[in-house]
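One structure is given here, and the rest of the page talks about it.
Basis for what follows: all heavy atoms, side chains included, without hydrogens, waters or symmetry-related copies. Numbered from 1 within each chain, the chains take letters A, B, ... in sequence-line order.
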Number of protein chains: 2
Amino acid sequence: MTPQRMAIMDYLDGNTQHPSAAEVYEAVLRKFPTMSFATVYNTLRILKERGLLAELSLDPAKKRFDANPAPHHHLICVNCRKILDVMRPFDLSLPQDDRHRFRILGNHVDFYGICPRCASPEPAAKPGKGR
Amino acid sequence: MTPQRMAIMDYLDGNTQHPSAAEVYEAVLRKFPTMSFATVYNTLRILKERGLLAELSLDPAKKRFDANPAPHHHLICVNCRKILDVMRPFDLSLPQDDRHRFRILGNHVDFYGICPRCASPEPAAKPGKGR
DNA sequence: CTGGCTGCAAATCTTTTGCATCCTG
DNA sequence: CAGGATGCAAAAGATTTGCAGCCAG
């Protein structure tokens with residue numbers, strides 16, 4: 001655990017914004033002006049491999065990172081791509097017929113919709129590119 | 001509907017492989033050797049905008065495309081990234097408390113696990129890069 | 001000294017864009 | 001001829017890799 005890694009974990013810990021690697025980089029840069037992209041990416045990969053954070057595939061444009069260790073689901077605005085956590089558990093056992101002989105490890109639910117800001121007559125946020 | 005677009009739809013229609021844009025390109029290239037990346041990407045975007053196909057965020061490394069119009073879920077091998085369809089519906093109404101005043105449009109469940117091939121002692125597939 | 005980590009640059013991969021051309025009506 | 005589609009090349013954005021230098025054990 002180097003100072004850089006701690007800074008990255010500090011930034012992600014308790015952060016519910018699901019930041020992208022670029023956002024992590026910008027944030028940590030304030031503390032470590034010499035921090036490089038490569039270190040951020042390498043560190044995020046290593047932390048992910050060690051199970052300290054999760055990489056989310058919710059945004060096709062880029063990876064987003066989540067340091068919340070509790071299993072949870074997500075609510076995504078299809079317009080501005082804002083992502084909120086849904087901590088409520090769901091009972092989602094996959095029936096044998098649908099398992100295709102996979103060993104099931106877990107599941108994840110995405111709810112998608114329009115957030116209040118984007119639903120308002122004068123949308124506050126531009127649409128994300130949503131790649 | 002141009003011949004190129006029909007070729008792309010033909011390739012995707014009934015295809016349960018959830019191919020990436022590059023895979024679509026390679027496949028359609030056999031029929032249209034002059035087909036360019038740009039046309040594939042532009043066409044995929046247009047078909048998506050018209051609701052003829054869905055763009056999946058299941059693979060952080062790249063977009064995957066699915067022409068199956070029925071709402072359904074996915075079962076993903078975390079090792080080789082193989083993706084299977086789960087046509088069974090789930091009752092997943094999000095309680096008011098968790099809606100954060102979003103207008104909910106839908107949901108999608110990913111089940112993840114290890115497929116039989118990757119679980120076998122001599123794994124047949126290399127791990128995907130999983131970006 | 002050795003191994004791991006950092007920082008920089010270059011490379012890679014995926015996707016998008018600009019633009020000239022072509023086809024269709 | 002006007003609009004839309006294609007093909008090519010270049011650009012853009014995200015991520016990875018190669019490599020030299022640095023630091024700690």
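Summarising the geometry, the separation between CZ on B/R5 and C1' on C/dC23 is reported as 13 Å, rounded to the nearest angstrom. Between B/L56 atom CG and C/dT15 atom P the separation is 12 Å, expressed in whole Å. Atom-to-atom, NZ of B/K62 to P of C/dT16 comes out at 15 Å; the value is rounded to the nearest Å. Nucleotide D/dA5 holds its C1' atom 11 Å from the CZ atom of B/R50, rounded to whole Å. Whole-Å rounding puts the B/R45 CZ to C/dT16 C1' distance at 8 Å. Between the C1' atom of C/dG4 and the CD atom of A/Q4 lies a distance of 13 Å, rounded to the nearest Å. For the pair A/R64 CZ and D/dA14 P, the interatomic distance rounds to 11 Å; values are reported in whole Å. Here the C1' atom of nucleotide D/dT15 and the CG atom of A/D59 are 15 Å apart, to the nearest Å.
By the criterion of side-chain heavy atoms lying less than 4.5 angstrom apart, applied directly or through intervening Ile, Leu, Val, Met, Phe, Trp or Tyr residues, A/L53 is grouped together with A/M6 in one hydrophobic cluster.
Between B/K63 and C/dT16 there is a side-chain N or O to OP1 or OP2 distance below 4.0 Å. Of the side-chain N and O atoms in B/T2, none sit less than 4.0 angstrom from OP1 or OP2 of D/dG4.
Taking 4.5 Å as the limit, some side-chain heavy atom of B/L105 sits within range of a side-chain heavy atom of A/I114. A 4.5 Å side-chain heavy-atom check between A/L58 and A/R81 finds every atom pair outside the cut-off. Residues B/V28 and B/Q4 have side chains not in contact (no heavy-atom distance under 4.5 Å, counting atoms from C-beta outward).
For the ring pair (Phe, Tyr, Trp, His ring centres under 6.0 Å) condition, the pairs that include at least one residue of residues 27-61 of chain B, sequence neighbours left out, are B/Y25-B/F37.
A/D85 meets the side chain to side chain donor-acceptor pair (under 3.5 Å) test with A/H18, A/H72, A/H74; sequence neighbours excluded.
Contact check of residues 21-42 of chain A against DNA chain C (heavy atom, cut-off under 4.0 Å) returns A/T34, A/M35, A/S36, A/A38, A/T39.
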